[in-house]
Amino acid sequence: MPSRRATRLLLILAIGLLALVLRDAAVRRLPIDFDEPVYFRAGQAFAAAARAGDLARFTSADTAPEHPALVKLLYAAVFLRYPPAPPLPDDPDAAVPPQIFDMGLAARRASQLFGVLNVLLVAAVSPVAGLLLAVQSYTVKYTAQVYLEALPMFTATVCVLAYGRASRKDRQEREGRKEDSSWRSSRSWREVFFWLVSAVALGLTAAGKYVYAVAGLAVAADAVWTAAAERRPRLLLALAGWGALALAVFVTANPNLWPDPPGRLIDSLAFHAAYSQSAHVAQSGYPWYQPFVWLVD
């Protein structure tokens, strides 16, 4: 009979395999979606700037600066394996040249990779949650296309889980054993390590897509609550350092911001407020709160 640990490992791998199969089918079968050409072109622009070795061009290459750059840099890394090519057609019914098709498929597989890794990570914590994530159709779709979702979804999960390990109560305290100095030192270094992992993951999350950085708000809220409930003011210092590192990683992983971080960040965020008032949105005839209507309908 296999051990309990071996059974759990096999279950996690089975869930990961299911996630892989579903996303692979989506990668191969889904037609070109609405925004895929947008991020495809952005990846091509970064790849062209990288080939030219022009830093000034690289920091201004993004053709979709309303979103941060990290995932588009991932696609650029994929595209560097191919010679320069024309952009992906906006028309989903247009004929796609073979090289463009291969590049699009490779970019989709990059998304697929992080989508499957996210499922495995969640399944390692809770197989039931991992199974639900593996088969959830929205997640399957958006982690199998040239979109921005898969990488920041994965790093947001890493951010939260690493924080959970950093803030977990001491094992000796839970087991009622006496704590010695060597254990305290080991525990301290583990806590620092997981705080660092969580902060780096949050910075990468924000550099992938802003909205996924809401994971950081959950971490901050829990840390503040714990600091107040357990009277641990040093936890607030750890949280401040965590936030500062996350911000530094965000800027470092987002070359759009390098020439003028405050100005370009404001411009990027302002796009979304302006778009909500654009003619494209207005022609739908819906009020601003329509998404909430759909949610409760």
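For clarity, every value in this text was computed on a predicted model and none was experimentally measured.
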hydrophobic_cluster_shared for [Y] and [X], side chain cutoff 4.5 Å:
X	Y	value
V197	L239	no
L105	Y147	yes
Y212	F154	no

Evaluate whether atom CZ of F101 has more than 12 neighbouring non-hydrogen atoms of other residues, nucleotides or ligands under 6.0 angstrom away.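 No, because the 6.0 Å sphere around CZ of F101 holds 12 heavy atoms or fewer from other groups.
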
Pair [X], [Y]: side-chain N/O donor-acceptor within cut-off below 3.5 Å:
X	Y	value
S268	Y210	yes
Y75	S111	yes
S60	R264	yes

Where the side chain of [X] meets the backbone of [Y], is there a donor-acceptor pair that is under 3.5 Å apart?
X	Y	value
Q44	A85	yes
E36	D33	yes
T157	N118	no
R23	A134	yes
S198	C159	yes

Please identify each residue that fulfils salt bridge (Lys or Arg N to Asp or Glu O under 4.0 Å) with R41, with sequence neighbours left out.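 By the salt bridge (Lys or Arg N to Asp or Glu O under 4.0 Å) rule, R41 matches D90.
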
Is the distance between the ring centroids of W294 and Y286 less than 6.0 Å?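 So the answer is yes for these two rings.
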
Which of these, F58, F79, Y39, sits in a ring-ring contact (aromatic ring centres under 6.0 Å, His included) with F46?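 Exactly one option meets the ring-ring contact (aromatic ring centres under 6.0 Å, His included) with F46, and it is F58.
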
Listing, residues 248-257 side-chain donor-acceptor contacts under 3.5 Å, not counting sequence neighbours, or none:
| residue | atom | partner | partner atom | Å |
| --- | --- | --- | --- | --- |
| T252 | OG1 | A248 | O | 2.8 |
| N254 | OD1 | A69 | N | 3.1 |
| N256 | ND2 | D62 | OD2 | 2.7 |

Under the side chain to side chain donor-acceptor pair (under 3.5 Å) criterion, do R232 and T226 qualify, and how do the steps go? CA-CA 8 Å; R232 294 169 57 192; T226 302; over 6 Å; no

